Undergrad: 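Below you will find the structure I want to go over with you.
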There are 2 protein chains.
Amino acid sequence: MAQKVKLSTIAEALGLSTATVSLALRDSPLVAESTRERIKEEARVSGYIYNRRAASLRTSKSGIIGVCVSDIMNPFFGEILKAIENELDRHRQTFVLCNHYDQLSKQRAFVDTMLQLGADGLIMSPAIGTPAPDIHLAEQNDLPVTLIARTVEGCGVTSFSGDDSYGMRLAVTHLIDKGYRRIAMVGGTDLTSTGRERERGYREALAEAGIEYRPDWRLPGPRSRHSGFDAVAGFLRLPERPDAVACFSDLVALGFMYGLAREGLRPGVDIAVTGYDDIDEAAIAMPSLTTVANGQSEVGRRAAAALLARLNGAPAVESVELITPQIKVRQSTEGL
Amino acid sequence: MAQKVKLSTIAEALGLSTATVSLALRDSPLVAESTRERIKEEARVSGYIYNRRAASLRTSKSGIIGVCVSDIMNPFFGEILKAIENELDRHRQTFVLCNHYDQLSKQRAFVDTMLQLGADGLIMSPAIGTPAPDIHLAEQNDLPVTLIARTVEGCGVTSFSGDDSYGMRLAVTHLIDKGYRRIAMVGGTDLTSTGRERERGYREALAEAGIEYRPDWRLPGPRSRHSGFDAVAGFLRLPERPDAVACFSDLVALGFMYGLAREGLRPGVDIAVTGYDDIDEAAIAMPSLTTVANGQSEVGRRAAAALLARLNGAPAVESVELITPQIKVRQSTEGL
DNA sequence: CTGAAAGCGCTTACAG
DNA sequence: CTGAAAGCGCTTACAG
């Protein structure tokens, strides 16, 4: 690279001012058509690169949106992220992704970085234990926040998520309708709103059907494929064995089904299994997995749209927007 | 927010200059211990937020590293990304993630954004069809590039990837050792170096064993779980059916095994299957999947380290660093 | 050990 | 329709 090309390089080459060049490159109608074309051509041939830091320093808009979730590898977030990406792409916002792995320190480091870079907004699925002031900090520094999948009490902003208790009630009620009465629930933690809501749905469905809740059939914890697989050992050690399992998520359910198969039990035949999320794999798994589609892409789309509205001046509102989930019945509950 | 706190706000409050405050906050030994402490305390209580755009404009270092791969949802990249994240975290670099979905336009938009933001470096798995000049453009504008998983001829930079032809040779040779002679290969495309190399390994292993390569048993294309599942249909229509399948990746293999099971065929018993990548799921799948561990975390770690070396002045070198893969024998090839 | 001043590369009123 | 000038918030020689 010879010499860095900047606005003034172009201005000098053309005998114009940097003001005119700046306006022309951003298609201002103030600049004469012919001037604009000469400028754009010169920018092109000289290999000019727009310096966003300089512009952003001046305008205090950066065109950056931060997105932070516990783990982007989780297909559940994958679909949400794709929807967000779509929505933001259309508004020419750059989006910066980050995992917090449910570590508050990682999440804080990320929010800090976004603040320092002057990001325009933040979409996040708050890490376990996120206190409301963490979100106020961002908001008070002109960084509007929208929450997804989980919410934080007193955060003062909008969160978008599936109606988890209703969704889990759908799954468990489906099992009951199928004739199952001995229904366990595997996975999830009451440290997250998602975990609490899904467990609530499980209990409500049982209560509605007049089935007693058995604490020993509630196996909390697993939230990944691997831990779902591992949970089978504990399940098989139960003194009285359930004949159906409502899993916290599809990943847990898929891992759990692998684990059952490993022990010679046929998921969907010997033990009914339901998942939650309706990830792509659910439909092709063997057996295919009965699950709850919780509208991830709607969550992502609406969260992004809400954030964009905030950027355009809409006020912050604390509310929880629930997307209504739907059950997908497949082979894994065909048993009885 | 009352008023934005900046260096000068702190300087005024303390009766110091911005120069001193700037130095103190960055722990310069030039500033007296006691002064530094007063400054840091004032920064803390006033809620000062460091403006990286301004600093970066001045220093032309941004602390940002861009990372771009075809799809972060692919567990293959997931492990690489985790290794990169680890390495970069230790050097306090912010990393910005992006999918290009093998679309050149998306990749270009990302590289452009990184250039505009003054990113310090770029790690990417080049999209199909990436021409060398795309990489030269970045390099010529002070944006050092390191490639992962795939390479581009004439790019002038280092790429890190598994030794794909060797790895696939391991898988196919293993099948041959097990007694299989009718071995198909499913998935991958010759549009990527990865696809070409793995196919080469497949052919070489057959040749070594004196087994003729049959074009109709080479079913290219699938690179995802879903397309692996779909490939079973074509496989079952083959006039002569192979008894073993070497898949392009674990995802393809897992989808393919689901597909076989759906058709009443037992993977690992009726049809042997191998994968590639040794993703987490391979070990717990049912049957567990024989696969090739291609050292993703080493790829990620070394690619990040190489890029950091470039940031510290190391020159660009065109080379392909191959990480030696290892075979993991599991149930899916236990058949005969 | 601390300060005054210039400058990074833009954009934005304001003039003309 | 175009230009001169100020300023965004830092850092970096340079002085003292």
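Here the structure is a predicted model, which is why all the values come from computation and not from measurement. Numbered from 1 within each chain, the chains take letters A, B, ... in sequence-line order.
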Undergrad: In terms of side-chain heavy atoms of A55(A), which of dC10(D), dT11(C), dG9(C) is nearest?
TA: dT11(C)
Undergrad: Rounded to whole Å, please give me the gap between OH in Y50(B) and C1' in dC8(D).
TA: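 After rounding, the reported distance stands at 15 Å.
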Undergrad: Which base, if any, makes a Watson-Crick or G-U wobble pair with dA4(C), both distances under 3.5 Å?
TA: none
Undergrad: Name the nucleic acid region contacted by T35(B), choosing base, sugar-phosphate or nothing; use a 4.0 angstrom heavy-atom cut-off, strictly under.
TA: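 Sugar-phosphate, backbone atoms only, no base.
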Undergrad: Write down the distance between CG (D27(B)) and P (dT11(D)), rounded to a whole number of angstrom.
TA: 12 Å
Undergrad: Would you tell me whether S17(B) and T20(B) have side-chain atoms, one donor and one acceptor, within less than 3.5 Å of each other?
TA: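 Side chains of S17(B) and T20(B): pair found under 3.5 Å.
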Undergrad: Choosing from dG9(D), dT11(D), dT11(C), which nucleotide comes nearest the side chain of S22(A)?
TA: dT11(C)
Undergrad: Tell me the interatomic distance from E33(B), atom CD, to dT2(C), atom C1', rounded to whole angstroms.
TA: 16 Å
Undergrad: Under 4.0 Å between any heavy atoms, over every strand shown, what does G15(B) touch: base, sugar-phosphate, or nothing? Just pick one.
TA: sugar-phosphate
Undergrad: With the side chain of K4(B) defined as its heavy atoms from C-beta on, choose the nearest nucleotide among dG9(D), dT2(C), dT11(D).
TA: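 Per side-chain heavy atoms of K4(B), the pick is dG9(D).
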Undergrad: May I ask you to say what A19(B) touches in the nucleic acid, namely base, sugar-phosphate or nothing, with a heavy-atom cut-off under 4.0 Å?
TA: base
Undergrad: Nearest of dT12(C), dT2(D), dC10(D) to any side-chain atom of R26(A)?
TA: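 Side chain of R26(A) sits closest to dT12(C).
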Undergrad: Examine dG3(D): is either OP1 or OP2 under 4.0 Å from a nitrogen or oxygen in the side chain of T20(A)? Give yes or no.
TA: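 So the side chain of T20(A) is within the cut-off, an N or O lying under 4.0 Å from OP1 or OP2 of dG3(D).
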Undergrad: Given that S8(A) and A32(B) both sit by DNA chain C, which one's nearest nucleotide is further toward the 5' end?
TA: A32(B)
Undergrad: So which nucleotide does dA13(D) pair with, by the Watson-Crick or G-U wobble rule with both distances under 3.5 Å?
TA: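 For dA13(D), the partner nucleotide comes out as none, under the 3.5 Å rule.
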Undergrad: Name the closest nucleotide to the R58(B) side chain, picking from dC8(C), dT11(C), dG9(C).
TA: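 Ranking dC8(C), dT11(C), dG9(C) by closest atom to the R58(B) side chain puts dC8(C) first.
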Undergrad: Answer with yes or no whether the side chains of R310(B) and T158(B) bring together a donor and an acceptor at under 3.5 Å.
TA: no
Undergrad: Tell me the interatomic distance from L7(B), atom CG, to dA5(C), atom P, rounded to whole angstroms.
TA: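 Going from L7(B) (CG) to dA5(C) (P), I get 18 Å.
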Undergrad: Rounded to whole Å, please give me the gap between CZ in R52(A) and P in dT11(C).
TA: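 Between P of dT11(C) and CZ of R52(A): 12 Å.
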Undergrad: Side chain of K6(A): nearest nucleotide among dC10(C), dT2(D), dT2(C)?
TA: dC10(C)
Undergrad: If you check the L16(A) side chain, which of dC1(C), dG9(D), dT2(D) turns out closest?
TA: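 Nucleotide nearest to L16(A)'s side chain: dT2(D).
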Undergrad: Taking atom P of dC1(C) as reference, at what distance in whole Å does atom CD of E37(B) sit?
TA: 13 Å
Undergrad: Indicate whether OP1 or OP2 belonging to dG9(C) is found under 4.0 Å from a side-chain N or O atom of T18(A).
TA: no
Undergrad: Is there a side-chain contact between D112(B) and Y50(A) (heavy atoms, below 4.5 Å)?
TA: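 Heavy-atom side-chain distance check fails, nothing below 4.5 Å.
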Undergrad: By nearest heavy atom, map T59(B) and L30(B) onto DNA chain C; which one lands nearer the 5' end?
TA: L30(B)
Undergrad: Using atom CZ of R53(A) as one end and atom P of dT11(C) as the other, report the distance to the nearest whole Å.
TA: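 R53(A) atom CZ is separated from dT11(C) atom P by 14 Å.
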Undergrad: For the pair D120(A) (side chain) and G63(A) (backbone), establish whether a donor and an acceptor sit closer than 3.5 Å, ignoring hydrogens and angles.
TA: yes
Undergrad: For the side chain of S17(A), starting at C-beta, report the closest nucleotide among dG3(D), dC10(C), dT12(D).
TA: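 Side chain of S17(A) sits closest to dG3(D).
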Undergrad: In the structure I gave you, are the side-chain heavy atoms of E321(A) and S159(A) within less than 4.5 Å of one another anywhere?
TA: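 E321(A) vs S159(A): side chains apart.
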Undergrad: Do side-chain atoms of R38(B) reach the backbone of S34(B) as a donor and acceptor pair under 3.5 angstrom?
TA: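 Looks like no, no N/O pair under 3.5 Å.
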Undergrad: Starting at atom CG of L57(A), determine the distance to atom P of dC10(C), rounded to an integer number of angstrom.
TA: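 Rounded to whole Å, this separation is 12 Å.
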